[in-house]
Amino acid sequence: MSCHKNVYITTPIYYVNDIAHIGHAYTTIIADTIARYSRMSGLDTFFLTGTDEHGQKIEESAKARGKSSQAYADEISATFRNLWDDFHITYDKFIRTTDEDHKKGVQKAFNTMYENGDIYKDVYKGHYCISCETFFPKSQLVDDEFCPECGKSTVIVEEESYFFKLSKYQDKLLEWYNNNPECILPKSKRNEVIRFVEGGLEDLSITRTSFDWGVKLPENLNDPKHVMYVWLDALMNYVTALGYGTDEKNMHYWPARVHLIGKDILRFHAIYWPAFLMSLGLPLPKHIAAHGWWTRDGEKMSKSKGNVVNPREVADAYGLDNFRYFLLREVPFGGDGDFSQKALIDRINSDLGNDLGNLLNRLIGMSDKYFEGKIDSTHVAKYYQTELNEVESYLDRLEPLLFEMQIHRYLEELWRPLAVANKSIDKYQPWTLIKEGKEEEVMALNGLIAGILAKVATMLYPVMPEICTKIAEALHFEINTENWQKLIKDKKLLETFTIEKIPPLFPRIEELLLAQPQTVVQKTEEKPVKKEEKKNVEKKEEGIALIGIDQFFQTSLKVGTVVAAEEVPKSAKLLLLQVDLGEEHPRQIVAGIKEWYSAQDMLGTQVCVVANLKPAKLMGYTSEGMLLAAKDENGLCMIRPEKPKKSGTSIG
RNA sequence: GGCAAGGUAGCUCAGCUGGUUAGAGCGCUGGUCUCAUAAGCCGGAGGUCGGGGAUUCGAGUUCCCCUCUUGCUACCA
């Protein structure tokens, strides 16, 4: 609902360590759509996007490429900006965290929080992941060393740091969540945040001395070795973009109507950010809206799989507006979405081509054939009041859906008037009416259809600006605030005009327009075993990758009983075992344990086996599984069930 | 392990505070008009509403148990 006169909409600022993918495009397109609607409806709108450019990771990436941090950031930042420009994203400001104004604003904020007693200096000791730029308690580390987020090695860092008194805001945050049921969307995410905060908040380390590429502390603190923690720097962009700490000239847009984000950065936005704002004495945003992920053909996207959706490629092949429509229509806000060319083509052919594009064509045909293109709405209400009422009742429901981020519902509802139009043509059969000499009725029907198309095009404009502009041109009107008021709010119809005969807006798409990535093709042909192989490849490339529990369960672990054991001839390490896994035949498993266990040792004992491993040949013997064992400097020992278990019992 | 949300037609989902024959879109299928992009319109098939139990005159809708999925979180590896 519009209760602010000003509407301020933000996307996250995108980290320049990555190139733009479908997720970035999705966030930005949602924001653009809301911004366009706000402007169209006459609200004073400010739409912000930009890039986040500081941090150790950037410093290192730049170094690795032999560039200065600034040059590297310039380069990647430009790729984002160019993409948004090519996508006709109507941002009012593209902020960069390397902007001087931003840096000044952040320093001002730091000072204010410091003066308010929310920042203190202490020593931080912890395991730090350079890649994630995050400290982790050792309890969270993998193997006491590796980052639980990215799997890379962490380093122990003991450094002087400034801390923000996040703990102080725990109750105030909870109060905010409770008093503002819609502060975090979707609501299920709000519950997660509440539970997390209820679990207790620790003060937040907000400066670093281990690298240099960041905003320095305010000079009056005279502590030049510190730079600000990237999240403090980054979050602050939402106010520095409005001039906070410098000219303040756009601060009247604050607080934000909505911060659009991906669900991965919810915690920063839903906990740290409001706490920072409280400390600064600024009002809190109305909504923090977290959307879900996109998969491709049901699979997670990753660079190593080579199945990342390139938004530019898709837009080029299928049309920018069509892509926008698909993204916004396909998935309920907050949920994960699946991108596939088939789904995209279905949307284009069915929703856009059949229901919308073809309707315009029908109107062009009828008006051309019967009235040489002229359309006059004078008598619409006389014959079609029922249809008008129905259409208006649908249109009346739309606006709230958009501002509640229910854009898929918004589009669904927006299609109902089109159905009314398509049905009316069949119901009243203008071709029959014309034969009966009822020209006024036919003209009125055309007026009705034209009116419906004009209204739908207006409301669809924020989602599909180019296409709707074309529709408007064909119907000789312009999409602007005045006409939005007239067609939507005042429920008027179009004036008399002569329709333009334009070619079909959505030519039918009969085949995939983009080549499918290899992995997707393989997926249908190969069994899960292959899938695991790919996972392994991924590991090698990225260090110890994190997996989901689902992936873990792809590994079949079973208790087995060794029913036969012998040495593999000419091998120093291998034993040849027959292990009963409760299957028809025992598995033959070749295990490299002879240095620690003799064949006799193993016979009759129970072991844990990876049962769905692709068979391998070792010294000429097929091995159909792998034994679990632990090895350190003192040797190797088997992992066994504590108590005897039936052969084949699964472990998990 | 804890918490949360879910399991409804082939697919994606809607079903508010319990009430007559459980809905939509897509897909499939039969029919039909001709203004139109093999589009439109009308009709049809298809669901023991995850399983079991309880409350009730009556439960997809409430309660309990089980099961599976997803998310967050803890801990172990």
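Everything quoted here is computed from the prediction, not taken from an experiment. Naming convention: chains lettered A, B, ... in sequence-line order (proteins, then strands); numbering from 1 in each chain.
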Enquirer: Using a 3.5 Å distance criterion without hydrogens, assess whether the side chain of A/Y384 forms a donor-acceptor pair with backbone atoms of A/H379.
Expert: no
Enquirer: Tell me, please, which residues at least two apart from A/D396 pass side chain to side chain donor-acceptor pair (under 3.5 Å).
Expert: A/K491
Enquirer: What does the 5'-to-3' dot-bracket notation of RNA chain B look like when only Watson-Crick and G-U wobble pairs under 3.5 Å count, and pairs to other strands show as |?
Expert: (((((((..((((.....[...)))).(((((.......))))).....(((((..]....))))))))))))....
Enquirer: I'd like to check A/L173 versus A/L201 (side-chain heavy atoms, cut-off strictly below 4.5 Å). Are they in contact?
Expert: yes
Enquirer: Only distances under 3.5 Å count here; give the side-chain donor-acceptor pairs of residues 344-353 of chain A to other protein atoms, sequence neighbours excluded, each with its distance to 0.1 Å.
Expert:
| unit_1 | atom_1 | unit_2 | atom_2 | d |
| --- | --- | --- | --- | --- |
| A/D346 | OD2 | A/K342 | NZ | 2.9 |
| A/R347 | NE | A/E330 | OE1 | 2.8 |
| A/R347 | NH1 | A/D351 | OD2 | 3.0 |
| A/R347 | NH2 | A/E330 | OE1 | 3.4 |
| A/N349 | OD1 | A/I509 | N | 2.9 |
| A/N349 | ND2 | A/I509 | O | 2.8 |
| A/D351 | OD2 | A/Y325 | OH | 2.7 |

Enquirer: Over how many whole Å does the gap from A/E192 atom CD to B/rU70 atom P extend?
Expert: 15 Å
Enquirer: Indicate, with a heavy-atom threshold strictly under 4.0 Å, whether A/K189 touches base, sugar-phosphate, or nothing.
Expert: sugar-phosphate
Enquirer: Between B/rG7 and B/rG52, how far is it from one C1' atom to the other, in whole Å?
Expert: 16 Å
Enquirer: Could you give the CG-to-C1' distance, from A/N349 to B/rG25, as a whole number of Å?
Expert: 16 Å
Enquirer: What's the gap between B/rU17 and B/rG60 when it is taken at their P atoms, as a whole Å value?
Expert: 15 Å
Enquirer: Can you measure A/D351 atom CG to B/rG27 atom P for me and round it to whole angstrom units?
Expert: 9 Å
Enquirer: Can you check the distance between B/rU62 and B/rG58, where both ends of the measurement are the C1' atom (answer in whole Å)?
Expert: 13 Å
Enquirer: Does one side chain, of A/E198 or A/Y177, offer a donor that lies under 3.5 Å from an acceptor on the other?
Expert: no
Enquirer: Pairs of donor and acceptor atoms involving the side chains of residues 180-187 of chain A, under 3.5 Å and at least two apart or interchain, shall be tabulated with distances.
Expert:
| unit_1 | atom_1 | unit_2 | atom_2 | d |
| --- | --- | --- | --- | --- |
| A/N180 | ND2 | A/W176 | O | 2.9 |

Enquirer: Could you work out, with side chain to side chain donor-acceptor pair (under 3.5 Å) as the rule, every residue matching A/N422, not counting sequence neighbours?
Expert: A/R362
Enquirer: Between B/rU61 and B/rU21, how far is it from one P atom to the other, in whole Å?
Expert: 16 Å
Enquirer: May I have the distance from A/R267 (atom CZ) to B/rG71 (atom P), rounded to whole angstrom?
Expert: 15 Å
Enquirer: Minimum heavy-atom separation for A/P274 to A/L284, with atom names?
Expert: O-CD2, 3.6 Å
Enquirer: Which whole number of Å gives the distance between the C1' atom of B/rU69 and that of B/rG31?
Expert: 41 Å
Enquirer: Can you check whether A/V309 reaches A/W294 side chain to side chain, under 4.5 Å on heavy atoms?
Expert: no
Enquirer: Go through the structure and list residues passing side-chain contact (heavy atoms from CB on, under 4.5 Å) with A/A454, not counting sequence neighbours.
Expert: A/L475, A/F477, A/L487, A/L494
Enquirer: Using the C1' atom in both, what is the distance from B/rA74 to B/rC11, to the nearest Å?
Expert: 37 Å
Enquirer: Whole angstrom is fine here: how far is it from CZ in A/F326 over to P in B/rC26?
Expert: 16 Å
Enquirer: Answer yes if the side chains of A/Q406 and A/Y410 hold a donor-acceptor pair under 3.5 Å, and no otherwise.
Expert: no
Enquirer: Within residues 166-178 of chain A, which residues have any heavy atom lying less than 4.0 Å from an atom of RNA chain B?
Expert: none
Enquirer: In whole Å, what separates the C1' atom of B/rG47 from that of B/rA24?
Expert: 14 Å
Enquirer: Please report the distance, rounded to the nearest Å, between CG in A/D264 and P in B/rC72.
Expert: 10 Å
Enquirer: Are any protein N/O atoms closer than 3.5 Å to N/O atoms in nucleotides 1-4 of chain B? If there are, list each pair with its distance.
Expert:
| unit_1 | atom_1 | unit_2 | atom_2 | d |
| --- | --- | --- | --- | --- |
| B/rC3 | O2' | A/R195 | NE | 3.4 |
| B/rC3 | O2 | A/R195 | NH1 | 3.4 |
| B/rA4 | O4' | A/R195 | NH2 | 3.4 |

Enquirer: Please list, for nucleotides 34-40 of chain B, all pairs of protein and nucleotide N/O atoms separated by less than 3.5 Å.
Expert:
| unit_1 | atom_1 | unit_2 | atom_2 | d |
| --- | --- | --- | --- | --- |
| B/rC35 | O2' | A/R362 | O | 3.0 |
| B/rC35 | O2' | A/M366 | N | 3.2 |
| B/rC35 | O2 | A/R362 | NE | 3.0 |
| B/rC35 | N3 | A/R362 | NE | 3.1 |
| B/rC35 | N3 | A/R362 | NH2 | 2.7 |
| B/rC35 | N4 | A/R362 | NH2 | 3.0 |
| B/rA36 | O2' | A/N358 | OD1 | 2.3 |
| B/rA36 | N3 | A/N358 | ND2 | 3.1 |
| B/rA36 | N3 | A/R362 | NE | 3.2 |
| B/rU37 | O2 | A/F506 | O | 3.2 |
| B/rU37 | N3 | A/F506 | O | 2.7 |
| B/rU37 | O4 | A/F506 | N | 3.2 |
| B/rA39 | OP1 | A/R508 | NE | 3.3 |
| B/rA39 | OP1 | A/R508 | NH2 | 3.0 |
| B/rA39 | O3' | A/N354 | ND2 | 3.4 |
| B/rA39 | O2' | A/N354 | O | 3.4 |
| B/rA39 | O2' | A/N358 | ND2 | 2.7 |
| B/rG40 | O2' | A/R362 | NH1 | 2.9 |
| B/rG40 | O2' | A/N422 | O | 3.3 |
| B/rG40 | O2' | A/D426 | OD1 | 2.9 |
| B/rG40 | N2 | A/D426 | OD2 | 2.7 |
| B/rG40 | N3 | A/D426 | OD2 | 3.2 |

Enquirer: In chain order, what residues pass the side chain to side chain donor-acceptor pair (under 3.5 Å) check against A/H259, with sequence neighbours excluded?
Expert: A/T10, A/W273
Enquirer: If you measure from the P atom in B/rC16 to the same atom in B/rG6, how many Å do you get, rounded?
Expert: 11 Å
Enquirer: Go through the structure and list residues passing salt bridge (Lys or Arg N to Asp or Glu O under 4.0 Å) with A/R397, not counting sequence neighbours.
Expert: A/E413
Enquirer: Check the distance between B/rC41's C1' and A/Y428's OH and give it to me in whole angstrom.
Expert: 14 Å
Enquirer: Taking everything shown except A/K168 itself, do over 12 heavy atoms lie less than 6.0 Å from its NZ?
Expert: yes
Enquirer: Roughly, in whole Å, what's the span from CH2 in A/W293 to C1' in B/rC72?
Expert: 15 Å
Enquirer: Identify all side-chain donor-acceptor contacts of residues 365-373 of chain A below 3.5 Å with residues at least two apart in sequence or on another chain.
Expert:
| unit_1 | atom_1 | unit_2 | atom_2 | d |
| --- | --- | --- | --- | --- |
| A/S367 | OG | A/L363 | O | 2.8 |
| A/S367 | OG | A/I364 | O | 3.3 |
| A/D368 | OD2 | A/K501 | NZ | 3.3 |

